[in-house]
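The structure appears right after this line, and notes come after that.
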Amino acid sequence: MAFKFRLYLASGEDVGTFATAAPDWKVGDDFRDGYARYRITDIVVDEDLHGDEFHGVFVVTPLGISN
């Protein structure tokens, strides 16, 4: 089962989605989504997402492009 998270910058800008097999992410974790790298700065548990296609919301900081 894939877990999908919405991605937002601290400014509120929507930067897409992240799909992963692991549901257990925490603040400070880094991940790569395609070529972009991000660090999770906050995790928002949104009750409105229940029943939706998303598992939660990550507030992220871009870390740049990785190869």
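Fair warning: this is a prediction, and the values are worked out from it, not measured in the lab.
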Inset, instruction - Using a 4.5 Å cut-off on heavy atoms from C-beta on, say whether the side chain of T20 contacts that of F5. - result: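 Heavy-atom side-chain distance check passes, below 4.5 Å.
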Legend entry - Nearest non-hydrogen partners of W25 and I43, listed with the distance: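 The answer is O-CD1, 3.4 Å.
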Legend entry - Closest heavy-atom pair and its distance - L9, P62: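 Closest heavy-atom pair between L9 and P62: CD2-CD, 3.7 Å.
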Inset, instruction - Not counting sequence neighbours, which residues clear side chain to side chain contact (heavy atoms under 4.5 Å, CB included) with D33? List them please. - result: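 So D33 forms a side chain to side chain contact (heavy atoms under 4.5 Å, CB included) with L7, F18, F31, Y38.
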Inset, instruction - Hey, could you give me each pair passing salt bridge (Lys or Arg N to Asp or Glu O under 4.0 Å) that has a residue in residues 11-24? Not counting sequence neighbours. - result: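 Counting only pairs at least two positions apart or across chains, the salt bridge (Lys or Arg N to Asp or Glu O under 4.0 Å) contacts touching residues 11-24 are R6-D14.
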Legend entry - Gap separating the CG atom of L63 from the CZ atom of R39, nearest 0.5 angstrom: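 So the CG of L63 and the CZ of R39 are separated by 5.0 Å.
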Legend entry - With sequence neighbours excluded, residues passing side-chain hydrogen bond (donor to acceptor under 3.5 Å, both in side chains) with D42: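 side-chain hydrogen bond (donor to acceptor under 3.5 Å, both in side chains) list for D42, sorted by chain: empty.
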